[in-house]
Amino acid sequence: MPHPGEHSLSSLKIYFRLLGYLRPFIGLFVTSLAGFIIFASAQPMEASVLKFFVDGLTTPGASTFHGVPIVGKLDLAYGVPLMLVLIVFWQGIGSFLGNYFLARVSLGLIHDLRLALFQSLLHLPNSYFDQNNSGHLISRITFNVTMVTGAATDAIKIVIREGLTVVFLLGYLLWMNWKLTLVMVAILPVIGVMVGSASRKFRKQSKKIQSAMGDLTHIASETIQGYRVVRSFGGEDYEAARFRASSEANTNKQLRMSRTSAIFTPALQLTTFTTMSVVLFLVLLLRGDASAGDLVAYITAAGMMPKPIRQLSEVSATIQKGLAGAESIFSQLDEKPESDNGTVERDRVAGRIEVRNLSFSYPGSAQKVLDDISFTIEPGQMIALVGRSGSGKSTLASLIPRFYHHEHGHILVDGVDVEDFTLRNLRRHIALVTQQTSLFNDTVANNIAYGDLAGAPRSEIEKAAEAAYAREFVEKLPEGYDTLVGENGVLLSGGQRQRLAIARAILKDAPILIFDEATSALDTESERHIQKALDQVMKNRTTLVIAHRLSTIEKADVIMVMDQGRIVERGTHAELLALNGYYARLHAVQFNEDEEGSEAALPHASSSLNSPGSHGTLT
Ligand code: ATP
Ligand code: MG
């Protein structure tokens, strides 16, 4: 999926950048390289043993291993087999060193890349997650990284091992008969052109495969997360068709890639073996004064050439897949992290929030979600935000902890622009309960004491749970505070999840509290209890409550009514009722609903009809 900042890097640049990650493993890498040099050097040795064997056959007793250590003085009958075993032993050592140490290098590299990707996820701005779907982000960590493994292990292994084999064999062949060997060298440019054109195809196709893999992950994870909706709205056929189409697209793309390589390999074989036949022909024709042993060794060595050449050229597919994977990985790593240029750090703030002429549009959209907002919250005050769905309440709340960067206007905490704080320090002062509660698949206690709060004493956790009115239900859970809550808290009810989120915010004990619709999933009874708890925690704290049930905010110091990104009314509950404007209308609607239990014609809260569970709320 394209996103801003993605740029096509040249293959070489990507490869060198990938190799840059090898720097910490240089020792292991050199060891493995030595192993492959040993391995490759054994190939021409094997060919040359044949020379001695054949020469021994044709002229018994005539040849000896002149100048060869250890076996040089031995009789040929003992010397040839012994030498063969020694060569293969030598090759085995090379093979072990090469393979094992390269595996250590490449697995280390994969590990580092995965960590780098994950680390970048932790610091990318919210807008990045808005623009990239999670399926693609996940498949980048799981699938694309394994593609890079291919380029890092298999490819490097083959390039080094087979490349050196070709070099050694070629050296041996040139030494034996350079004129004949030049005939073989002549096909190298032809092979180069073939490999080049296939590589370009591989690269293109493999990018498509990765993107298709992302789509597949995306659809699967959406269906898994939304399985209740899928079933209750009869979405099975739709999802099945969508998934089948995506999987088919994936299969076709993989097939296209396989076809490219399936055509490429025999074509290459044909080219190399045609050359080989020409060489054979020339050998037979121009035999000259060479011994039978020389000729057999020459042909054997020449016959060893096509295999490494084929492997070398096939590796281009692996490399191109890896490069395509690395390209998408690097494009994520190159994304700008959340800007964190502030330097101010405070141990504790009083909690005065001042917003001046704040306007905001989401990145890439022209629509003004917030339009010239100004207000001040004194330390310890409670401010309530109400207004229609989509009027910008959550957006305003998310700008205070700098989840998005705002261009116009200022937000000051204790007189310091939020941009001047370090991100971590700013967020330490703010406890946030968002509209969608996020719980982790961990125990109740660990969910309350999450992040910076981890390791908080159990008594503190229990106090926070008590204040959030969660104690009662937690103690009824099979293992109390040690009960696992399931993925995103699926084992709990909506209201219970919210109370844990509130307990988390209470435990954080921050001077600024932001509750976004924190009480909407609660029944009136629990809501009343939470209300009391909140009244307690709100003391000495600055609180911004985004409320949908107006009953929860009647005591607010100031109620601000938002509409289409503007604050259209502000005042206390009584003042706003007296004003008889937006707020009074909203209030009348809810009052009627609560009285009659009906959802009759609502002037403003038409969207409240969308969800049966939101009875009596504004959204
Ligand atoms: P509700 O009461 O339903 O929670 P809200 O007042 O909190 O509504 P916001 O979530 O602030 O509304 O949304 C305000 C506007 O911004 C909406 O029109 C919405 O479409 C848009 N919006 C919200 N989040 C994003 C986003 N991440 N990217 C782009 N636009 C967004
Ligand atoms: Mg909202």
Side-chain angles (χ1 to χ4, degrees), residues 1 3-4 121 124-134 136-137 335 338 355 358-373 375 383-409 411 430 432-438 494 497-498 501-502 505 513-522 543-553 556 559-570 582-583 585-587 589-590 593 599 602-619:
M1 203 181 106
H3 52 79
L121 281 184
L124 283 167
N126 277 34
S127 53
Y128 188 79
F129 294 90
D130 294 347
Q131 283 154 14
N132 292 272
N133 74 48
S134 60
H136 283 93
L137 297 181
E335 280 296 325
E338 278 186 301
V355 173
L358 178 67
S359 296
F360 179 75
S361 316
Y362 279 100
S365 127
Q367 192 212 349
K368 264 193 180 172
V369 177
L370 296 178
D371 190 1
D372 200 21
I373 304 260
F375 63 87
I383 296 277
L385 271 181
V386 300
R388 281 200 277 172
S389 182
S391 56
K393 305 179 298 292
S394 298
T395 305
L396 176 55
S398 69
L399 290 185
I400 298 174
R402 267 170 67 195
F403 288 147
Y404 293 91
H405 173 72
H406 61 273
E407 297 279 347
H408 305 286
I411 301 175
I430 303 170
L432 179 71
V433 179
T434 54
Q435 227 165 342
Q436 285 102 15
T437 53
S438 280
R497 255 174 264 169
Q498 267 194 347
I502 294 173
L513 279 175
I514 301 175
F515 285 99
D516 193 349
E517 205 188 29
T519 55
S520 71
L522 298 175
T543 321
L544 181 69
V545 178
I546 298 173
H548 295 94
R549 280 175 181 264
L550 300 187
S551 56
T552 56
I553 50 148
I559 297 170
M560 299 192 289
V561 185
M562 286 189 71
D563 194 52
Q564 300 189 10
R566 298 182 141 271
I567 296 179
V568 289
E569 278 176 10
R570 65 179 88 196
Y582 279 86
Y583 184 78
R585 271 203 301 278
L586 294 173
H587 189 264
V589 169
Q590 277 198 11
E593 271 183 27
E599 287 176 348
L602 313 175
H604 269 293
S606 54
S607 56
S608 74
L609 295 174
N610 292 344
S611 108
S614 67
H615 173 77
T617 72
L618 278 179
T619 41

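Everything numeric in this text was worked out from a predicted model, so none of it was measured. Order of appearance sets the numbers: ligands from 1, and atoms from 1 within every ligand. Because only heavy atoms are used, hydrogens play no part in the values below, and waters and symmetry mates are left out as well, while side chains stay in.
- With rounding to the nearest 0.5 angstrom, the CD atom of Gln498 is 6.0 Å from the OG1 atom of Thr437.
- Once rounded to the nearest 0.5 Å, the distance linking CZ of Phe515 with CD of Gln435 reads 14.0 Å.
- Between Asp563 and Arg388, at least one side-chain N (NZ, or NE/NH1/NH2) sits under 4.0 Å from a carboxylate O, which counts as a salt bridge.
- Taking only non-hydrogen atoms, the option from Gly387, Gly364, Gly390 nearest to atom 14 (C) of ligand 1 is Gly390.
- Ligand 1 has no atom lying under 4.0 Å from any heavy atom of Ser365.
- Remark: ligand 1 and Gln367 share no N or O pair separated by less than 3.5 Å (distance only, no angle test).
- Using a 4.5 Å cut-off on side-chain heavy atoms (C-beta onward), Phe403 and Leu432 make contact.
- With distances taken over non-hydrogen atoms, the option nearest atom 30 (N) of ligand 1 out of Phe403, Tyr362, Tyr404, Phe360 is Tyr362.
- Ligand 1 places these atoms under 4.0 Å from at least one heavy atom of Thr395: 9 (P), 11 (O), 13 (O), 14 (C).
- The OG atom of Ser359 lies 10.0 Å from the NE2 atom of His406; values are rounded to the nearest 0.5 Å.
- Counting heavy atoms closer than 4.0 Å to ligand 1, residue Met562 contributes nothing at all.
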field: Worked check of side chain to side chain contact (heavy atoms under 4.5 Å, CB included) between Val355 and Leu399
entry: CA-CA 10 Å; Val355 173; Leu399 290 185; over 6 Å; no
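- Near Gln435, the atoms of ligand 1 lying under 4.0 angstrom from a non-hydrogen atom of the residue are 1 (P), 4 (O).
- Of all atoms in ligand 1, listed by their number and element, those nearer than 4.0 Å to a heavy atom of Val369 are 14 (C), 15 (C), 16 (O).
- Each protein N/O/S atom under 2.8 Å from the Mg ion (ligand 2) was counted, for a total of 2.
- Counted within 6.0 Å of CD on Gln564, heavy atoms from surrounding residues, nucleotides or ligands total 12 or fewer; the atom is thus considered open.
- Atom numbering of ligand 1 starts at 1 in the shown order; those under 4.0 Å from a heavy atom of Ser394 are 4 (O), 5 (P), 7 (O), 10 (O), 11 (O).
- How far CD1 of Ile559 is from CZ of Arg570: 13.0 Å, rounded to the nearest 0.5 Å.
- Atom-to-atom distance recorded for Glu335:CD and Leu121:CG is 11.0 Å, nearest 0.5 angstrom.
- Between the side chains of Thr395 and Tyr362, at least one donor N or O sits under 3.5 Å from an acceptor N or O.
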